Amino acid sequence: MAGLQPVRGTHDLLGEDMRRHRKVAETARDIAARYCFEEIATPIFEFSEVFKRTLGDTSDIVTKEMYSFTDRGGDDVTLRPEGTAGVCRALISGGLAQRLPLKFFYYGPMFRYERPQKGRLRQFHQIGVENLGVAEPPADIDTIALGAAILDGLGVLAKTRLEINTLGDAESRSAYRAALVGYFQGHVGALSPDSRLRLERNPLRILDSKDEGDRKLVADAPLFTDFLNSESKEFFSQVTKGLERLGITFTINPRLVRGLDYYCHTAFEFTTEALGAQGAVLAGGRYDGLVATMGGPTVPAIGWAGGVERLAMLLAEAPPQPRPVAVVPIGPEAEAEAPLLAARLRKAGFAVELGYRGNVGKRMKAANKANARVALLLGEDEMKRGAATVRDLDTGEQSEVPLSDLNDRLARFR
RNA sequence: GCGGGUGUAGCUCAGUUGGUUAGAGCGCCAGAUUGUGGAUCUGGAUGUCGCCGGUUCAAGCCCGGUCACUCGCCCCA
């Protein structure tokens, strides 16, 4: 531990950053509510098993990237690296499968032990939704539309591109996988070392390799489209048509894939060029096999998650701080009265900055620094008349106002 | 986990071939101004030069290590 530093990959959120962050979370929450996705908050940590089952024990993720520890009772627990597993666990352990279909929205911190980069922290935040219990394309369309609506609500939709693909159903996918493995095994010498490993663990991932040589091979690789059965084709066609009808523009990216087996059909990502290598800002897909993998019933589902820090960086400008009313007492009697006046105004809904010390000049400076819209000067003269001097700090105009009229006179600054 | 770049005041940065007491702007504090902010003027405080070690008569500067940030790779549930 070197002095007092924040843990690597964590940081404090305050000021402008905090306002950006909160705007992302609140906009998402509001719009999700309009789509009737109910907010859910699951615990920040779960039994490690919850994440291990969904990811498979052998993956890098489980062995290298999770914050896992044994608690004092001897239980193996993990800080959640993502939100879906917790929601699915809640669905199973809470008996929510009886109430399907269900639509959930969540927001909160996630933890991954990764090398930090811009837009990638060890403690970061996600917004996300899970649309559970519906196997038909309208759920995919509505869920993607919600993502687009949130990006639009944040004013960042134009900075992103929606890419979409289908992974087909299990039958199509295993046929394609076999063909792909066959093809790459024939060119194994030309594959990058990374992709040779992928060939064994996660062959679909070779499709989105960034290696030049790999890309050349990928260009001639078998196409997923040729292995999709008619049901899968029809499903994808309905999803894309539905998006078109809503005026949501997208490009089909046949190299957009997911590694794990419980993913199927729709996969999509909203990406941006504005954030360097960390281009995905909101991504998801259909995961009909996940709940069953975790030991629950078969529950078809689709969802997505979005990175709050990345979205916050995309916001054109930080939301402004609310401009308060500053109460400036002059003299000991006014000093005693000022907190009462502030309390009345605060109860009436005003943001009130109450100066704690200093002469009038100091407090006016403080009011200015707090970006106050008006200052209420309360001195002996005003108190005798049951009034306060209202000074507009933008125009410099001021006039004395009876305390009883204050709420009305300040109404436009609320 | 792998590779590159960067660490000097709260912030943005300057600091010559290694040479005496480490600087600027912004911000901060005080005063000009004990019933009026912003502007101006005057004055003031900034600091383990990221940290540890080495080389040297002498290190902010050179070398090694380390920590953090950053860009990319891996990964991306």
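Proteins get letters first, then strands, A, B, ... in listed order; numbering begins at 1 in each. Please read all numbers here as calculations on a predicted model, not as lab measurements.
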Inset, instruction - Go ahead and name the base partner of B:rG18; Watson-Crick or wobble counts if both distances stay under 3.5 Å, otherwise write none. - result: none

Legend entry - N or O in side chain of A:R120 less than 4.0 angstrom from B:rC75 OP1/OP2: no

Legend entry - SB check A:K52 A:D76 (cutoff 4.0 Å): yes

Legend entry - Close residues, residues 394-414 of chain A, relative to RNA chain B [heavy-atom separation under 4.0 Å]: A:D394, A:G396, A:Q398

Inset, instruction - Would you classify A:D211 as touching base, sugar-phosphate or nothing, given that sugar-phosphate means primed atoms plus P, OP1 and OP2, and contacts are heavy atoms under 4.0 Å? - result: nothing

Legend entry - Residue list, ring pair (Phe, Tyr, Trp, His ring centres under 6.0 Å) with A:Y183, at least two apart or on another chain: A:H187

Inset, instruction - Determine the interatomic distance between P on B:rG47 and the same-named atom on B:rU8; round to the nearest Å. - result: 15 Å

Legend entry - A:H265 and its ring-ring contact (aromatic ring centres under 6.0 Å, His included) partner, picked from A:F235, A:F236, A:Y287, A:F224: A:F235

Legend entry - Summary of protein contacts for nucleotides 2-13 of chain B, nucleotide by nucleotide, where a base hit scores B, a sugar-phosphate-only hit scores S (4.0 Å, heavy atoms): BB----------

Inset, instruction - Applying ring pair (Phe, Tyr, Trp, His ring centres under 6.0 Å), name anything that partners A:F270, two or more places apart in sequence or on another chain. - result: none

Legend entry - Value rounded to 0.5 Å, distance of CD1 in A:I302 from CG in A:D288: 8.5 Å

Inset, instruction - Check whether any side-chain nitrogen or oxygen of A:R205 sits under 4.0 Å from OP1 or OP2 of B:rC76, and answer yes or no. - result: yes

Inset, instruction - Consider the side chain of A:N202, meaning its heavy atoms from C-beta on, and name the nucleotide among B:rU36, B:rC76, B:rA77 that approaches it most closely. - result: B:rC76

Inset, instruction - Whole angstrom is fine here: how far is it from CD in A:E130 over to P in B:rA77? - result: 13 Å

Inset, instruction - Output the single nucleotide from B:rU70, B:rC74, B:rU36 whose closest atom is nearest the side chain of A:M364. - result: B:rU36

Inset, instruction - Taking only the side-chain heavy atoms of A:E114 (C-beta and beyond), determine which of B:rC73, B:rC75, B:rA77 contains the nearest atom. - result: B:rC75

Inset, instruction - Report the residues that fulfil salt bridge (Lys or Arg N to Asp or Glu O under 4.0 Å) with A:D211, sequence neighbours left out, ordered by chain and then residue number. - result: none

Inset, instruction - Enter the distance from A:I141:CD1 to A:L146:CG here, rounded to the nearest 0.5 Å. - result: 14.0 Å

Legend entry - Whole-Å P distance, B:rG65 and B:rG5: 13 Å

Legend entry - Touch class at under 4.0 angstrom, heavy-atom based, for A:R80 against every strand present: nothing

Inset, instruction - Return the nearest nucleotide to the side chain of A:P116; candidates are B:rG35, B:rU70, B:rC73. - result: B:rU70

Legend entry - Between B:rG53 and B:rU16 - P atom distance, rounded Å: 25 Å

Legend entry - Interatomic distance where CE belongs to A:M66 and P belongs to B:rC76 [whole Å]: 14 Å

Legend entry - Stretch residues 279-306 of chain A: residues that reach within less than 4.0 Å of RNA chain B through a heavy atom: none

Inset, instruction - Using the P atom on both, measure B:rC69 against B:rA30 and round to a whole Å. - result: 35 Å

Inset, instruction - Go through the side-chain N and O atoms of A:D214 and A:S195 and say whether any donor and acceptor fall under 3.5 Å apart. - result: yes

Legend entry - A:R391, nearest nucleotide to its side chain (from B:rU70, B:rU36, B:rC75): B:rU36

Inset, instruction - Would you kindly say whether A:T84 and A:E130 are connected by a side-chain donor-acceptor distance under 3.5 Å? - result: yes

Legend entry - Pairing partner (Watson-Crick or G-U wobble, both distances under 3.5 angstrom) of B:rA32: B:rU40

Legend entry - Atom pair CE (A:M364) and CZ (A:R391), whose distance is rounded to the nearest 0.5 Å: 5.0 Å

Legend entry - Inter-nucleotide P distance (B:rA9, B:rG23), Å rounded: 14 Å

Inset, instruction - Tell which nucleotide pairs with B:rG27, taking only Watson-Crick or G-U wobble pairs whose two distances are both under 3.5 angstrom. - result: none

Inset, instruction - Would you indicate what A:E269 reaches in the nucleic acid, counting non-hydrogen atoms under 4.0 angstrom: base, sugar-phosphate, or nothing? - result: nothing

Legend entry - Along RNA chain B (nearest heavy atom to each residue), the more 5'-positioned of A:R310 and A:A372: A:A372

Legend entry - Whole-angstrom distance between B:rC67 and B:rC28, as gauged at atom P: 37 Å

Inset, instruction - If a pair satisfies side chain to side chain donor-acceptor pair (under 3.5 Å) and one of its residues is in residues 94-116 of chain A, list it, with sequence neighbours excluded. - result: A:H21-A:Y107

Inset, instruction - Can you measure from CD (A:E337) to CG (A:L403) and round to the nearest 0.5 angstrom? - result: 7.5 Å

Legend entry - B:rC69 pairs with, by Watson-Crick or G-U criteria that keep both distances under 3.5 Å: B:rG5

Inset, instruction - Sticking with atom P, work out how far B:rU56 lies from B:rC63, rounded to a whole angstrom. - result: 16 Å

Legend entry - Which residues share a salt bridge (Lys or Arg N to Asp or Glu O under 4.0 Å) with A:E400, sequence neighbours left out: A:R385

Legend entry - Euclidean distance for P, B:rG54 against B:rA59 (whole angstrom): 12 Å

Inset, instruction - For A:R8, answer base if it contacts any base atom (sugar-phosphate contacts may also be present), sugar-phosphate if it contacts only those atoms, and nothing otherwise; contact means non-hydrogen atoms under 4.0 Å. - result: sugar-phosphate

Inset, instruction - Name the residue closer to the 5' end of RNA chain B, choosing between A:D194 and A:V7 according to the nucleotide with the nearest heavy atom. - result: A:V7

Legend entry - Nucleotide nearest A:P81 (side chain, heavy atoms from C-beta), chosen from B:rU36, B:rC71, B:rA77: B:rA77

N/O contacts under 3.5 Å, protein versus nucleotides 29-32 of chain B?
from   : atom 1 : to     : atom 2 : distance (Å)
B:rG31 : OP2    : A:K362 : NZ     : 2.7

Inset, instruction - Under the ring pair (Phe, Tyr, Trp, His ring centres under 6.0 Å) rule, collect the residues that match up with A:F227, sequence neighbours excluded. - result: A:Y176

Inset, instruction - Using the side chain to side chain donor-acceptor pair (under 3.5 Å) rule, collect all pairs that involve residues 354-370 of chain A, keeping only residues at least two apart or in two chains. - result: A:E335-A:R363

Legend entry - Residue pairs involving residues 269-280 of chain A (criterion salt bridge (charged side-chain N to carboxylate O under 4.0 Å, His left out); sequence neighbours excluded): A:R258-A:E269

